[in-house]
Visitor: 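This is the structure I want to talk about, given as structure tokens.
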Amino acid sequence: MSIIMATARYDHTIRFWEALSGIYKRYLATAGHLHIKLYDIKSTNPNPILSFEGHTNNVTGVGFHCEGKWMVTSSEDGTVKIWDIRSASVQRNYNHHSPVNDVVIHPNQGELILYDQAGNVRIWDLGENKCTHQLIPEDDVPVRSATVATDGSMLVAGNNLGNVYVWGMIQNRELTSLVPVTKFVAHPNVDNNNFTLENTLHGHQRWVWDCAFSVDSAYLVTACSDHYARLWELSSQQIIRQYNGHHRGAVCVALNDYSERR
């Protein structure tokens, strides 16, 4: 099993680690704002192999097809773009007329879920090349975060008022249907909405910016303004690895611990 963790920080760097050993594996530097740069992390060449130009405002999200066939980005310019990684050209451009906060690739790799400052959650069917669903949980309340369950069965979105909306995603052949499941306030009334607090992890000195579960949900990785990323064992609530290669706050983290196909 290959377990690689990535952390990002304010000095424009992303570091790749071997999660269980804490060994620093790769180094990648990139610029934000309007530009996306692609690096070959297996190469010793420190320069980007491709630059992607086309957004006219801050890039807010990026994602890769599971086999690396294409890349998708979202931006405050109100667009979502799908790029050909080989040529750095735009294959598709979706205009949403409102700053897009992020884009998520559905596990089926055939749909995009994006959410914006106007309070919309939209689903784009890439096969049909059209928007199949538009959800507006609350008018003019920006949707700040959204995610899809690994098995594609559920969509969750949270907005600036702290309200979280959950929809079931039912796959009927090639068509996805959405069924409202529940709504709850994320904090502080979690216990009153059929959710119970499992654990509280203590050890961070400043803000925690991001976190990611392992595939088996036995571990959690967190990124913090105190310059550290930490790997937690949830059963014992203990820090089992601490990554201290950053000189400024770590603001986002991604964990890849899927077993390689045989």
Visitor: Given side chains that start at C-beta, do those of L201 and R230 come closer than 4.5 Å, heavy atoms only?
Guide: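 No, every pair of side-chain atoms sits at 4.5 Å or beyond.
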Visitor: Which pair of non-hydrogen atoms, one from H55 and one from S75, has the smallest distance, and what is that distance?
Guide: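 Heavy atoms of H55 and S75 come nearest at ND1-CB, 3.1 Å.
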Visitor: If I compare all heavy atoms of S177 with all of H133, which pair ends up nearest, and what's the gap?
Guide: CA-NE2, 4.3 Å
Visitor: Can you measure from CD (Q238) to CH2 (W232) and round to the nearest 0.5 angstrom?
Guide: 8.0 Å
Visitor: Does any part of the side chain of K69, heavy atoms only, come nearer than 4.5 Å to the side chain of I85, both counted from C-beta?
Guide: no
Visitor: Enter the distance from D102:CG to T73:OG1 here, rounded to the nearest 0.5 Å.
Guide: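 Between D102 CG and T73 OG1, I get 10.5 Å after rounding to 0.5 Å.
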Visitor: To the nearest 0.5 Å, how far apart are CD in Q237 and NE2 in H202?
Guide: 7.5 Å
Visitor: Within a 6.0 Å radius of atom CZ on R206, are there more than 12 heavy atoms belonging to other residues, nucleotides or ligands?
Guide: no
Visitor: Locate the shortest heavy-atom distance separating I136 from Q134; write the atom from each residue and the value.
Guide: CD1-NE2, 4.0 Å
Visitor: Kindly give the heavy-atom pair with the smallest separation between Y219 and E233, and that separation in Å.
Guide: CD2-CA, 3.9 Å
Visitor: Looking at D125, is its backbone amide N or carbonyl O close enough to the side chain of T132 to form a donor-acceptor pair, meaning the two atoms are under 3.5 Å apart?
Guide: no
Visitor: Mark yes or no for whether S89, through its side chain, and D84, through its backbone, hold a donor-acceptor pair below 3.5 Å.
Guide: no
Visitor: Can you tell if the side chain of N120 reaches within under 4.5 Å of the side chain of H96, non-hydrogen atoms only?
Guide: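 With C-beta onward as the side chain, the pair stays apart.
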Visitor: Quick check: do I170 and V179 have side-chain heavy atoms less than 4.5 Å from each other?
Guide: yes
Visitor: Give me the other members of the hydrophobic cluster that V103 sits in, counting Ile, Leu, Val, Met, Phe, Trp and Tyr linked by side-chain heavy atoms under 4.5 Å, directly or via other members.
Guide: W70, V72, V80, I82, Y94, V100, I105, L112, L114, W124, L126
Visitor: Could you state whether L234 and I239 fall into the same hydrophobic cluster, counting links through intermediate Ile, Leu, Val, Met, Phe, Trp or Tyr residues with side-chain heavy atoms under 4.5 angstrom apart?
Guide: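 Yes, L234 and I239 fall within the same hydrophobic cluster.
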Visitor: Answer yes when D77 and K81 have at least one side-chain N-carboxylate O distance shorter than 4.0 Å, and no when they do not.
Guide: no
Visitor: What are the two closest heavy atoms between A88 and S51, and how far apart are they?
Guide: CB-O, 3.6 Å
Visitor: When Ile, Leu, Val, Met, Phe, Trp and Tyr are grouped by side-chain heavy atoms lying under 4.5 Å apart, directly or through other members, which residues fall in the same group as I113?
Guide: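 Via sub-4.5 Å side-chain contacts, I113 links to V104, Y115, V121, I123, L135, V143, V148, L155, Y165, W167, M169, L178.
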Visitor: Under 3.5 Å, which donor-acceptor pairs do the side chains of residues 156-164 form with other protein atoms, sequence neighbours left out?
Guide:
residue, atom, partner, partner atom, Å
N159, OD1, L161, N, 3.0
N159, OD1, G162, N, 3.4
N159, OD1, N163, N, 3.1
N159, ND2, E138, OE2, 2.7
N160, OD1, R144, NE, 3.2
N163, ND2, E138, OE2, 2.7

Visitor: Judged by atom type as modelled, is there a donor-acceptor pair below 3.5 Å linking the side chain of Q205 to the main-chain atoms of G203?
Guide: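 Yes; at least one donor-acceptor contact below 3.5 Å.
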Visitor: Check A149 against P107 and note the closest heavy-atom contact, atom names and distance.
Guide: O-CG, 3.4 Å
